[in-house]
Amino acid sequence: MAARVGLVLVGAELLEGRARDANGAWLAREVTARGATLACWSVVGDEEAGIVAALRAAAGQAPLVVVGGGLGPTEDDRTRAGVAAALGVPLVEDAGAWEAIQQALARRSRPALDMQRRQAQVPQGAGWLRNPTGIAPGLCARLGSSEVLVLPGVPSEFREMAAREVLPRVEALPGRVDTALEMVLTVGLPETEVARRLGDLATSSEPVLGWYPHHGEVEVSVRAHGEGAAQRAREVADEVRRRVGDSVLEAPPGGRTQDAVLALLRARRLTLATAESITGGLVAEMLTGVPGASEVLRAGWVAYSEQAKQRELGVPGALLAGPPGAVSAEVAVAMAEGARARAGTDLALATTGVAGPGPWQGPAGSVAAGTAYVAVAQAGQPSRVLTLRAPLERSLVRRRTALLALDLLRRAVMGLPDPQG
């Protein structure tokens, strides 16, 4: 029988769509990568009866059950009570758990409140799990023949505790199948073009290919099973890279376009400045979300108005008054060159365009929403500029523009041609 894991996520905010689940998909990937199967995945509200029913159902399908969320100190955090009810035992305060909570609060220079003693309650006969980054301890118990691990819902805490407590148990489950997963990240190509290039590779039942579009990026997965899985997955992934060509990103595991670009610039000891209009700081935000960004990014401007473009970046007034006007290839280049000169960096990246929903009336006429220009200025090289036409929702236009800009930067540094299609 295949190794099976059950998952129960608790929270009315998840059930009602007020918050996005950041834990379930991550755990599913980690479980699958270890040759096990996520047998069931349920989301329940903050109600004791619903937690009991979901927990018992999961325990009937899997020898290991993970519960996430509902371990806070307030009255609406009812996971502890639900687990105790499912076990048929009362909640009792655990002195060790309470001491761990007090120590965690002391490290944050916060007093321990009476309500936080709720977080030290565990079902009678059960145990608790240390939370190295948060306050709420987890729980561990047995329900019938299943082991139940209860973790906080905060994503950073959930993932760290899952890595320490859940994943080693997954690897010890009987029935696991040797599994190897290779991921290939591409940028700039639509999903249909990636699928066309891979063609016959996708029809194979082993290894199995899948591709997942992320609005400007396409992630290709290659999963192999059984003896020799790692070699077979690696060989097919290498063929995927060959067919996709220079749209493949060399990103660290789990990384995205910004990770690949920063790794490239760091390796070559290059510095960067950004000058953004349509993206409103999104490019800089993506870059600074990656550790080590300070070694590369020196300065950034959000020059949203024409006056700011002229005052902060030195864009000639004649270009802005136009034609061509602020939304143009010429202004994107002038922004990039102005940012590089002012920051004294090796490179500068600029974006300008119309995010929408309506068109922009410029000196040369109407410019449709979804039109954007990105430019790279590079020491000792002519500036490069690309045009994007993506009639999409406003946030997607901004994301696609930011990705196109980062890809153009990558290509400029590597001496690659402009992207096609």
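Quick caveat: nothing in here was measured; it's all calculated off a predicted structure.
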Value rounded to 0.5 Å, distance of CG in Leu386 from OG1 in Thr401: 11.5 Å

Between Val283 and Glu276, the two heavy atoms sitting closest are N-OE1, 2.9 Å

The criterion is side chain to side chain contact (heavy atoms under 4.5 Å, CB included); which residues satisfy it with Thr133, sequence neighbours excluded? Asn131, Glu157, Glu160

Taking the side chain as every heavy atom from C-beta outward, state whether His215 and Leu392 have any pair of such atoms under 4.5 Å apart. no

Under-4.0 Å salt bridge between Lys309 and Glu306: no

Without hydrogens or angle criteria, can the side chains of Thr74 and Asp77 be said to hold a donor-acceptor pair below 3.5 Å? yes

Regarding Thr351 and Thr279, is there a side-chain donor-to-acceptor distance under 3.5 Å anywhere? yes

Just by distance, do the side chain of Gln119 and the backbone of Leu71 share a donor-acceptor pair under 3.5 Å? yes

Are side-chain heavy atoms of Arg384 and Gln378 found at a separation under 4.5 Å? no

Separation between CG (Leu297) and OG1 (Thr345), nearest 0.5 Å, reads 9.0 Å

Heavy-atom check, side chain of Leu347 versus side chain of Leu265, under 4.5 Å: yes

Take Arg110 and Gln116, measure what side-chain contact (heavy atoms from CB on, under 4.5 Å) needs, and give me the verdict at the end. CA-CA 12 Å; Arg110 290 168 51 188; Gln116 286 170 312; 3.9 Å; yes

Cationic N near anionic O, under 4.0 Å, Arg159 to Glu30: no

Under 3.5 Å, is there a donor-acceptor pair between the side chain of Glu182 and the main chain of Val236? no

For residues Glu147 and Arg169, report the shortest heavy-atom separation together with the two atoms involved. OE2-NE, 2.9 Å

Check: Arg78 side chain, Glu48 main-chain N or O, donor-acceptor pair, under 3.5 Å: no

A quick test of your reading: do over 12 heavy atoms of other residues, nucleotides or ligands sit less than 6.0 Å from CD of Glu227? no

Backbone N/O of Ala39 and side chain of Thr37: donor-acceptor pair under 3.5 Å: no

What I'd like to find out is whether the side chain of Pro137 reaches to under 4.5 Å of the side chain of Ile101, using heavy atoms alone. yes

Okay, side chain of Arg399, backbone of Gly216: is any donor-acceptor separation there less than 3.5 Å? no

Say whether, by atom type as modelled, one donor and one acceptor occur between the side chain of Arg342 and the main chain of Leu313 under 3.5 angstrom. yes

Is it true that, when you exclude Glu206 itself, more than 12 heavy atoms of the residues, nucleotides or ligands shown sit nearer than 6.0 Å to its CD? yes

For residues Val184 and Val244, determine if any side-chain heavy atom of one lies less than 4.5 Å from a side-chain heavy atom of the other. no

About how many Å separate CG of Leu7 and OG of Ser42, when rounded to the nearest 0.5 Å? 7.0 Å

Val150 versus Val83: any side-chain heavy-atom pair under 4.5 Å? yes

For the OG atom of Ser383 and the CZ atom of Arg340, what is their distance to the nearest 0.5 Å? 8.0 Å

For Ser366, check side-chain hydrogen bond (donor to acceptor under 3.5 Å, both in side chains) against everything at least two apart and list the hits. Gln361

Is it the case that the side chain of Arg400 and the backbone of Arg389 share a donor-acceptor pair, with hydrogens and angles ignored and the cut-off at 3.5 Å? no

Are Ile278 and Val397 side-chain neighbours, meaning at least one heavy-atom pair lies under 4.5 Å? yes

Side-chain donor or acceptor of Asp94 paired with backbone N/O of Ala120 under 3.5 Å: no

Going from OG1 on Thr371 to CG on Leu388, what distance comes out if it is rounded to the nearest 0.5 angstrom? 8.0 Å

Over all atoms of both residues, closest heavy-atom pair of Arg164 and Pro168: O-CG, 3.5 Å

Give the C-alpha distance, both sets of side-chain angles, the deciding distance and a yes or no for side-chain contact (heavy atoms from CB on, under 4.5 Å) between Arg410 and Thr257. CA-CA 9 Å; Arg410 175 184 72 96; Thr257 299; over 6 Å; no

For Arg269, is the CZ atom crowded, meaning more than 12 foreign heavy atoms sit under 6.0 Å from it? no

Before you tell me yes or no, could you show the steps for Thr179 and Arg223 under side-chain contact (heavy atoms from CB on, under 4.5 Å), namely the whole-Å CA-CA distance, both residues' side-chain angles and the distance that decides it to 0.1 Å? CA-CA 7 Å; Thr179 300; Arg223 189 181 301 279; 3.6 Å; yes

Please identify each residue that fulfils side-chain hydrogen bond (donor to acceptor under 3.5 Å, both in side chains) with Thr186, with sequence neighbours left out. none

Heavy-atom pair with the smallest gap, counting every atom of Leu87 and Pro123: CD1-CB, 3.8 Å

Is it the case that more than 12 heavy atoms not belonging to Arg130 sit under 6.0 Å from its CZ atom? no

Which heavy atom of Arg176 sits nearest to which heavy atom of Leu173, and what is that distance? CG-O, 3.5 Å

Would Ile135 and Leu105 count as a side-chain contact (heavy atoms from CB on, under 4.5 Å) here? Give the steps. CA-CA 7 Å; Ile135 294 171; Leu105 290 166; 3.4 Å; yes

To the nearest 0.5 Å, tell me how far Thr79 OG1 sits from Leu9 CG. 10.0 Å

Is it the case that over 12 heavy atoms from other parts of the model lie below 6.0 angstrom from the CZ atom of Arg18? yes

Distance-only, no hydrogens or angles: does the Thr203 side chain make a donor-acceptor pair with backbone N or O of Asp200 under 3.5 Å? yes

Asp238 side chain to Glu235 main-chain N or O, any donor-acceptor pair under 3.5 Å? no

So do the side chains of Asn23 and Leu27 get within less than 4.5 Å of each other, counting heavy atoms only? no

To check you understand the geometry: which heavy-atom pair defines the closest contact between Ala293 and Leu287, and what is its length? CB-O, 3.2 Å

